[in-house]
Number of protein chains: 2
Amino acid sequence: MDAVETTWAHQLREAGLRVTRPRLSVLSVLADRPHADAGTILTGARELHPSLSPQAVYGVLEAFVAAGIARRIEPAGAPALFELRVGDNHHHLVCRSCGAVADVDCVVGAAPCLAPSDAAGFVVDEAEVVFWGLCRACQDRDRQVADAAEPVQLEEHGIRGGAGA
Amino acid sequence: MDAVETTWAHQLREAGLRVTRPRLSVLSVLADRPHADAGTILTGARELHPSLSPQAVYGVLEAFVAAGIARRIEPAGAPALFELRVGDNHHHLVCRSCGAVADVDCVVGAAPCLAPSDAAGFVVDEAEVVFWGLCRACQDRDRQVADAAEPVQLEEHGIRGGAGA
DNA sequence: TCCTTTTCTTGACTCGCTCAAGACAAGCGC
DNA sequence: GCGCTTGTCTTGAGCGAGTCAAGAAAAGGA
């Protein structure tokens, strides 16, 4: 176990979790790729632990989320993504075209960073903010396509319709 | 066809869609129940059109969303919900316990009503805000359970963990 | 009324995820 | 270092939401 794995092992024990190879593999993948989905995590973790099963990944991720080591985000129309960045209060930018996700720092800092104008009797503990748009790579690609063939509709980027918010 | 259906028929034609019984049935259910999922819509619409197929409902809803008649919302961990309220700029309150959804007016009004502090090269066109919490009914039920048996953890309400936003 | 085009029905299928049972291994006490 | 307890992982089945494709049916203009 190298220095990084020792740190992770310590973090797992701190959270009351046992230190196992599947867990270290998943941590390694998550550290490499923030915002990975379960499938990506499985593929990556299998490079370190070839016999790893999909169910083990789901179990590990659930344990991480419960222990506060990882955070689960679920953009509409996409499988759940997982990230190690927890504890701070940040939001996400999601590309409508390729699904790329980027972090945005919250200007307020503490959760919930927003309060609804009228809570309709709800006790609100979290405000989840997702910014939908087009990432730089997809903008560039669109420009190239538009230059090559004039009559191109930008409409096709809509993963979903809906009013803005 | 009654007066309400005539209005809907007009709205469908305005949007360039043909007027069909499945579409009128779905509109009727959506008018009755804002924030209904595809299954609920199917069940409701079958009261008016018994032979309606699930795929027809998906097709109708997709056509409505594309035409701007309906809006699709997808709270994390729940099937997609549909609502007729479009065009204005509002957000949603979601109950972690029972999944109930309520509308909240946006104080800003125009989309996107928020701008990320650093857009990381993204062109943002929409900010989606979901407030997570506990609805009044679930709060009441919890209080009753807590009164009946003292040592009750409120933890079990978490549909998902994760840091606040 | 006919004809074209859109829409709906039928049926098979994919994907993301969950559940259950038994095998396995981490880590504690000795 | 060894055995035991208990949490974790593997194996395999299954579920719900949603998609895809092809042919039948119906809307609506000529």
Side-chain angles (χ1 to χ4, degrees), chain A residues 1 5-6 8-27 35-43 45-46 48-67 69-70 72-82 99 159-161, chain B residues 1 5-6 8-27 36-43 45-46 48-67 69-70 72-82 99 159-160:
Chain A
M1 202 182 281
E5 289 204 336
T6 307
W8 287 335
H10 181 73
Q11 205 180 342
L12 286 171
R13 285 202 193 86
E14 284 268 290
L17 298 172
R18 287 190 178 171
V19 179
T20 67
R21 192 116 291 279
R23 288 179 176 178
L24 292 173
S25 308
V26 169
L27 273 177
H35 315 125
D37 61 28
T40 305
I41 293 169
L42 175 63
T43 308
R46 274 187 169 160
L48 302 165
H49 185 98
S51 71
L52 192 67
S53 67
Q55 286 68 12
V57 171
Y58 284 115
V60 167
L61 290 171
E62 195 187 321
F64 284 3
V65 170
I69 294 176
R72 178 196 189 101
I73 55 177
E74 299 181 52
L81 305 177
F82 296 85
I159 290 178
R160 351 170 282 129
Chain B
M1 201 182 283
E5 289 203 337
T6 307
W8 286 336
H10 181 71
Q11 205 180 340
L12 286 171
R13 285 203 192 86
E14 284 269 289
L17 298 172
R18 288 190 176 173
V19 179
T20 66
R21 191 115 293 279
R23 288 179 176 177
L24 292 173
S25 307
V26 169
L27 273 176
D37 61 28
T40 305
I41 293 169
L42 175 64
T43 308
R46 274 187 169 160
L48 303 165
H49 184 98
S51 72
L52 192 67
S53 67
Q55 286 68 13
V57 171
Y58 284 116
V60 166
L61 291 171
E62 194 187 320
F64 284 3
V65 170
I69 293 175
R72 179 196 189 101
I73 54 177
E74 299 181 52
L81 305 176
F82 297 84
I159 291 178
R160 350 171 281 131

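Below, chains carry the letters A, B, ... as their sequence lines are ordered, and counting in each starts from 1. The model shown is predicted, which means the values in this text are computed figures rather than measured ones.
For the pair Arg46(A) and Ser53(A), the tightest heavy-atom approach, listed with the atom from each and the gap, is NH2-CA, 4.1 Å. In this structure, Ile69(B) and Ala15(B) approach most closely via the heavy-atom pair CD1-CB, 3.9 Å. Here the closest heavy-atom approach between residue Glu74(A) and residue Ala80(A) is recorded as CG-CB, 3.8 Å. Shown here for Ala9(B) and Val19(B), the closest heavy-atom pair between the two residues is O-CG2, 3.5 Å. Contact detail for Leu81(A) and His35(A): the closest heavy-atom pair is CD2-O, 3.8 Å. Across Arg21(B) and His49(B), no two heavy atoms sit closer than the pair CG-ND1, 3.1 Å.
Rounded to whole Å, the distance from NE2 on His10(B) to C1' on dA27(D) is 18 Å. Look at CG on Leu12(A): it is 14 Å from C1' on dG27(C), rounded to the nearest Å. The distance between atom CG of Leu48(B) and atom C1' of dC8(C), rounded to the nearest whole Å, is 17 Å. Rounded to an integer number of Å, the gap from CD1 of Ile73(B) to P of dA17(D) is 16 Å. Counting to the nearest Å, the P atom of dC9(D) and the CZ atom of Arg46(A) are 14 Å from each other. Atom CG in Leu42(A) sits about 12 Å away from atom P in dT11(D), given to the nearest Å. Nucleotide dG18(D) holds its P atom 8 Å from the CG atom of Asp37(B), rounded to whole Å. Leu52(B) places its CG atom 10 Å from the C1' atom of dT9(C), with the value rounded to the nearest Å.
Listed by residue number, Gln55(B), Tyr58(B) are the residues of residues 54-62 of chain B with a heavy-atom contact under 4.0 Å to DNA chain D.
Side-chain contact check for Leu17(B) versus Phe64(B): some heavy-atom pair is nearer than 4.5 Å.
Glu5(A) places no side-chain N or O within 3.5 Å of a backbone atom of Leu24(A) that could act as its donor or acceptor partner. Looking at Arg23(A), its side chain does come within 3.5 Å of a backbone N or O of Arg18(A) through a donor-acceptor pair.
In this model, the phosphate group of dC28(C) is not approached by any side-chain N or O of Arg18(A) to a distance below 4.0 Å at OP1 or OP2. For dT9(C), one of the phosphate oxygens OP1 or OP2 lies less than 4.0 angstrom from a side-chain nitrogen or oxygen of Ser51(B). Look at Thr20(A) and you won't find any side-chain N or O under 4.0 angstrom from OP1 or OP2 of dA25(C). Residue His49(B) places at least one side-chain N or O under 4.0 Å from the OP1 or OP2 atom of dT9(C).
The residue among Arg13(B) and Ala78(B) whose nearest nucleotide of DNA chain D lies closer to the 5′ end is Ala78(B). Residues Leu17(B) and Ala80(A) each lie close to DNA chain C; by heavy-atom proximity, the contact nearer the 5' end of the strand is made by Leu17(B).
An end-to-end axis angle of 30° holds for the helix from dT1(C)-dA30(D) to dC30(C)-dG1(D), taken from five base pairs per end and rounded to 10°.
Exactly one residue among Leu61(B), Ile73(B), Val60(B) makes a side chain to side chain contact (heavy atoms under 4.5 Å, CB included) with Phe82(B). That residue is Leu61(B).
The base of dT8(D) lies outside donor-acceptor range of the side chain of Arg23(A), with no N or O pair under 3.5 Å.
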